[in-house]
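Quick note: numbers below take in every heavy atom, side chains included, and nothing from hydrogens, waters or symmetry partners. The chains referred to below are lettered A, B, ... by the order of the sequence lines, with proteins before strands, and numbering in each begins at 1. What you see is a predicted model, and the numbers here were worked out from it, not measured in a lab.
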Number of protein chains: 2
Amino acid sequence: MTSDPGLRQRKKMRTRQALIESALRLFAEKGYDQTTVAEIAATADIATRTFFSYFDSKDDIVFFDDRSRLERAVEIIGERQPGEPVADLLRRVIDQSVFADTDSELARKVGPARTRLIASVPALQARELHLLFDIQLQLTEALHLACPELDLVEAAAAVGSLVGAIKVVVAACQKRGNRPEQTYKAVQRATDIAIDGLNSLPRPA
Amino acid sequence: MTSDPGLRQRKKMRTRQALIESALRLFAEKGYDQTTVAEIAATADIATRTFFSYFDSKDDIVFFDDRSRLERAVEIIGERQPGEPVADLLRRVIDQSVFADTDSELARKVGPARTRLIASVPALQARELHLLFDIQLQLTEALHLACPELDLVEAAAAVGSLVGAIKVVVAACQKRGNRPEQTYKAVQRATDIAIDGLNSLPRPA
DNA sequence: TGTAATTTTGCATTCATTGACGTTTTGCAT
DNA sequence: ATGCAAAACGTCAATGAATGCAAAATTACA
């Protein structure tokens, strides 16, 4: 299955790669809205029409490595040791898929720039949230399978609560311009709060 | 401030209303993608160009009452009794803003149809998630203000965890085609899980 | 009324996205 | 090697959302 790329596949991959690199470079240079699909295609030496057989939409290209991140996450969940607490399992998932550079060097290369790009373009924010949402649904299924003691609702709540806490905390940090250091600490705190529950929050003085 | 609408304002409101009704009716009849902005405008007897001075985009019109829902929520948070547990406060927010028909009869009228519509159109799902996300950021601020014992990260985690759990659970329920009855119960369960934390989940047998 | 402020509109334009259809490449079997 | 079928690509044309602009219409107010 993972054996023969074949000329066809190799060529497709190269084209795909070229499109991704062209797009991200142009977005960085001229901004997302100022870059047209036609330009991206031209820069990668591809017909405009063909762009859409590689990516469903202009914004999709920014999230080229989402699929592999998801696959990694599902894999981790599938390898759960029977009896391992759900909280521990999900902690590992967060660390090793969300905050790891899953998809080759390219992901690491564009990492921070991409983050800034997404934060600054509403259309990309929306796309990201939508993708993340789909991912959560799939994680829910995987978790439900790997943890027979959880019904579907419990699995969904677990995933939603953890991811939701982290996502909002990260956004709040970015909004106030925190350093990555601070943001990372905040993510840890968010994780703990999701795991220990809202009742673990400080009480009024 | 809330006194004189004036002819101008009244007219604008009527136009807005007309646009909303036309749009939702057409979406229901022919489907979202098959309905053009031009048709919506024509049905409401205004110029196509004018549509965009009432709504920023075609999908915005579906979420016409989001603003008032948010305002209601922020209001509730602002009225928090000092010493009231955060969990209790947020429970009330969920009940009275998310699951209440805030914006007049219109909201109630379109409720279920709109839910189905959003679920079936990817563009609307994305828009909804984006709006919901913004809402969460604003709730975070409001909560931080109303609860001095919470720092910003804690407030964000609280909101994110609760809303996240509910959102994913609702989606999971819809996906498997649960009845509203079932879904409502699931929301309660999701709320409890967010409040009590992932550690409150059933342990492996 | 007359004038300023605000809205509405028509028009042109840009650009993402899609469908139909013909052409080129590649994989594979003979 | 040769030929066929499928996969990929490209051309052309069309649709429809979204935006800028300036003229026309409407409303507010002195």
Enquirer: Output the rounded distance in Å from NZ (B:Lys58) to P (D:dA18).
Expert: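 My rounded result for the distance is 8 Å.
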
Enquirer: Within 45° of the six-membered ring axis of A:Phe64 and under 6.0 Å from that ring's centre, is NZ or CZ of A:Arg114 located there?
Expert: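 Yes, A:Arg114 lies over the aromatic ring of A:Phe64.
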
Enquirer: Please report, rounded to the nearest Å, how far the P atom of C:dT26 is from the CZ atom of A:Arg10.
Expert: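 To the nearest whole Å, that distance equals 10 Å.
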
Enquirer: Could you tell me the separation between the CZ atom of B:Phe55 and the P atom of C:dT7, rounded to a whole number of Å?
Expert: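 In whole Å, C:dT7 P lies 15 Å from B:Phe55 CZ.
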
Enquirer: Under the side chain to side chain donor-acceptor pair (under 3.5 Å) test, which residues partner A:His130, sequence neighbours left out?
Expert: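 Checked A:His130 against side chain to side chain donor-acceptor pair (under 3.5 Å); matches are B:Gln125.
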
Enquirer: State whether B:Lys11 places a side-chain N or O below 4.0 Å from either non-bridging phosphate oxygen (OP1 or OP2) of D:dT27.
Expert: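 Affirmative; the distance criterion is met.
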
Enquirer: Whole Å only: how far is the NZ atom of A:Lys12 from the C1' atom of C:dT24?
Expert: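 One finds 15 Å between C1' of C:dT24 and NZ of A:Lys12, rounded.
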
Enquirer: Near DNA chain D, counting only heavy atoms under 4.0 Å, which residues of residues 27-37 of chain B show up?
Expert: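 By residue number: B:Thr35, B:Thr36, B:Val37.
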
Enquirer: Just jot down the ring-ring contact (aromatic ring centres under 6.0 Å, His included) partners of B:Phe55, sequence neighbours excluded, or say none.
Expert: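 For B:Phe55 the ring-ring contact (aromatic ring centres under 6.0 Å, His included) partners, ignoring immediate neighbours, are B:Phe51.
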
Enquirer: If we count only N and O atoms by modelled type, under 3.5 Å, do the side chains of B:Ser22 and B:Thr43 hold a donor and an acceptor together?
Expert: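 There is no such pair (donor and acceptor under 3.5 Å, judged by atom type) between the side chains of B:Ser22 and B:Thr43.
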
Enquirer: By side chain to side chain donor-acceptor pair (under 3.5 Å), which residues pair with B:Glu84, not counting sequence neighbours?
Expert: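 B:Arg92.
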
Enquirer: Is there any ring pair (Phe, Tyr, Trp, His ring centres under 6.0 Å) pair reaching into residues 17-38 of chain A, and which pairs are they, with sequence neighbours excluded?
Expert: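 For residues 17-38 of chain A: A:Phe27-A:Tyr32.
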
Enquirer: Given atom CD1 of A:Ile61 and atom C1' of C:dA16, what is their separation to the nearest angstrom?
Expert: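 About 14 Å, once rounded to whole Å.
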
Enquirer: Got a sec, which residues hit side chain to side chain donor-acceptor pair (under 3.5 Å) with B:Glu149, two or more places apart in sequence or on another chain?
Expert: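 Partners of B:Glu149 by the side chain to side chain donor-acceptor pair (under 3.5 Å) criterion, ordered by chain and then number, come out as B:Arg80.
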
Enquirer: Which whole-number value in Å describes the distance from B:Arg14 CZ to C:dT7 C1'?
Expert: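 One finds 14 Å between C1' of C:dT7 and CZ of B:Arg14, rounded.
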
Enquirer: Rounded at 0.5 Å granularity, tell me how far CG in A:Asp196 sits from CG in B:Asp196.
Expert: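 Between atom CG of A:Asp196 and atom CG of B:Asp196 there are 11.0 Å.
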
Enquirer: Less than 4.0 angstrom between a side-chain N/O of B:Tyr54 and OP1 or OP2 of C:dT7, yes or no?
Expert: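 Result: no.
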
Enquirer: Can you sort out the partners of B:Asp59 under salt bridge (Lys or Arg N to Asp or Glu O under 4.0 Å), two or more places apart, ordered by chain and number?
Expert: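 By the salt bridge (Lys or Arg N to Asp or Glu O under 4.0 Å) rule, B:Asp59 matches B:Arg127.
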
Enquirer: If we ignore hydrogens and angles and just use 3.5 Å, is the side chain of B:Ser68 paired with the main-chain N or O of B:Asp65 as donor and acceptor?
Expert: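 It does hold such a pair.
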
Enquirer: More than 12 heavy atoms of other residues, nucleotides or ligands under 6.0 Å from CD of A:Glu29: is that the case?
Expert: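 Correct, the count exceeds 12.
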
Enquirer: Please list each protein N or O that sits under 3.5 Å from an N or O in nucleotides 28-30 of chain D, with the distance.
Expert:
unit_1	atom_1	unit_2	atom_2	d
D:dA28	OP1	B:Leu7	N	3.3
D:dA28	OP1	B:Arg8	N	3.1

Enquirer: Measure CD1/A:Ile40 against P/C:dT17 and give the value in whole Å, please.
Expert: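 Computing the A:Ile40:CD1 to C:dT17:P distance gives 10 Å.
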
Enquirer: Tell me whether the count of non-hydrogen atoms from other residues, nucleotides or ligands lying under 6.0 Å of NZ in A:Lys30 goes above 12.
Expert: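 Count over threshold, so yes.
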
Enquirer: Whenever both distances are under 3.5 Å in a Watson-Crick or G-U wobble pair, mark it; put DNA chain C into dot-bracket that way, with [ ] for crossing pairs and | when the partner is on another strand.
Expert: ||||||||||||||||||||||||||||||

Enquirer: Go through residues 45-53 of chain A and report each residue with a non-hydrogen atom lying under 4.0 Å from DNA chain C, sorted by number.
Expert: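 A:Arg49, A:Phe52, in order of number.
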
Enquirer: In chain order, what residues pass the side chain to side chain donor-acceptor pair (under 3.5 Å) check against B:Asp192, with sequence neighbours excluded?
Expert: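 Once residues adjacent in sequence are excluded, the partners of B:Asp192 under the side chain to side chain donor-acceptor pair (under 3.5 Å) criterion are B:Arg91.
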
Enquirer: Show the atom names and distances, to 0.1 Å, of all donor-acceptor pairs under 3.5 Å that link a side chain in residues 133-141 of chain B to residues at least two apart or in another chain.
Expert:
unit_1	atom_1	unit_2	atom_2	d
B:Thr140	OG1	B:Gln136	O	2.8
B:Glu141	OE2	A:Lys175	NZ	3.0

